[in-house]
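Here is the naming used below: chain letters follow the sequence lines, and residue numbers restart at 1 for every chain.
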2 protein chains.
Amino acid sequence: MTQRPYHHGNLRAALVDAGLELTREGGPGALGLREATRRVGVSPNAAYRHFADRDALLGAVAARVQELMADRMALPAGSGAASSSEADEQARSRLITVGLGYIEFALEEPGWFAVAFFPAPGSAPADSPYRSPATAPPFRMLVEALDTMVTAGVLDPRARPGAEWPCWSAVHGFAELAIHGPLRGLPAAELRALAERTVAAIVTGVQT
Amino acid sequence: MTQRPYHHGNLRAALVDAGLELTREGGPGALGLREATRRVGVSPNAAYRHFADRDALLGAVAARVQELMADRMALPAGSGAASSSEADEQARSRLITVGLGYIEFALEEPGWFAVAFFPAPGSAPADSPYRSPATAPPFRMLVEALDTMVTAGVLDPRARPGAEWPCWSAVHGFAELAIHGPLRGLPAAELRALAERTVAAIVTGVQT
DNA sequence: ATCATCGTGTGGACGTTGTCCACATCGCGA
DNA sequence: TCGCGATGTGGACAACGTCCACACGATGAT
């Protein structure tokens, strides 16, 4: 029960797991290279056999968090028996669901969220080896939702290119405001209402 | 020319100035308590006579950055001889100007922007002594722009309460995406176009 | 079957950081 | 004139990321 599988074997995976634990509360700053190695019961320098430096480990953790995020975002899509029957409305509400899922994850796991996409402002200089966001699972969900909106006819194809950015901007900004910003500490119900309003606003704004 | 005014006198102000220099490039992480004191030519511990800890200094720097931000946002409001003559359109375009000014500042001074409002994700735990955003100058500009929109009749008073958050979310999120995110490195012209589209989308979204 | 090799983990060290403690100093008011 | 309180100093401690040289242990070639 102590540590059977590795000591040999899959360090690196173990370090990433430790990184997930550490960043879950405390965000990127809580990921210490020494602390992570300590948790898996290994010398600090052992990490350097698998990661160039602390930032590389952070990047690997970020990639895992993105997957967790996409999983959680796929879940609450259980608005199966929707109220409005039209496929039009369904396409629009799918985009809304994706956006709300993004925000929901951010609020439930603020530490992970801070790690997910970008180098924490000020930690990495400018050029970091983070996973390209074009392949990030949550981003792909957004792209698909927008695409089905245009095939459903609720989004003008001429407005489609680049529509990702207003959408992502709004939900990401809202999450930031709600976690570190002035909306922090608001009752969950009010937060939810504001989130719905924000998402609705940006969706109709993109549609016009 | 070396350092006449203090050595006695206005340390604290000098430390904040040093903090501004340090954070301008490098963001919050570049602000070191030791480095700041080194720059003003004083012992590291001298700082503790004026700030409880590093985070307190960062907070003071953040407050100053907010003022700089408001100044810069007030400038490009020079769309005096506007194209559309109606006061309605002017109120709407004022909100747009505020939003674009926010983004513009963020792009020109990414280091300062990262410091301006919130504790960098992961640097401060959760409860930080940052300036309350309700009094932050840029926020007040947003509030006033929205208020004049309702007096101008272009914003339904019933939609007014809470309209700050969708707006702020969109511009803040866009700035984040453009600085650390997938939009980083895009040519300034395209970035500008996307910013305008994002701001326009959220404004019409809030109006409906 | 022996041995060299290479991937992996260890131990020690260096320079840096934030923060605490006790001590020094300087100016202002009694 | 003297002392006191505000301000700055010096030294120390623990923690961090990172580099170096070294030690293990399985693996493939001889």
(message) Holding to side-chain hydrogen bond (donor to acceptor under 3.5 Å, both in side chains), I want the full list of residues that pass it with A:Glu21, two or more places apart in sequence or in another chain.
(response) A:Arg39

(message) So, using side-chain hydrogen bond (donor to acceptor under 3.5 Å, both in side chains) as the criterion, who are the partners of A:Glu144 when residues are at least two apart?
(response) none

(request) Take nucleotides 13-22 of chain D nucleotide by nucleotide from the 5' end and write B, S or -, depending on whether a protein heavy atom sits under 4.0 Å from the base, only from the sugar-phosphate, or from neither. (result) ---BBBBBB-

(message) Could you tell me how far apart B:Asn10 (CG) and D:dA6 (C1') are, to the nearest whole angstrom?
(response) 16 Å

(request) Would you mind reading off the distance between B:Leu58 atom CG and C:dG18 atom C1', rounded to a whole angstrom? (result) 13 Å

(request) Please list all pairs passing the side chain to side chain donor-acceptor pair (under 3.5 Å) test where one or both residues lie in residues 197-208 of chain B, with sequence neighbours left out. (result) B:Arg92-B:Gln207

(message) So, does B:His50 get its side chain near the phosphate of D:dA6, meaning an N or O under 4.0 Å from OP1 or OP2?
(response) no

(message) Taking side-chain contact (heavy atoms from CB on, under 4.5 Å) as the definition, give me every residue that meets it alongside B:Glu196, ordered by chain and number, with sequence neighbours left out.
(response) B:Leu100, B:Arg192

(message) Going by salt bridge (Lys or Arg N to Asp or Glu O under 4.0 Å), name the residues that satisfy it together with B:Arg160, two or more places apart in sequence or in a different chain.
(response) B:Asp147, B:Glu164

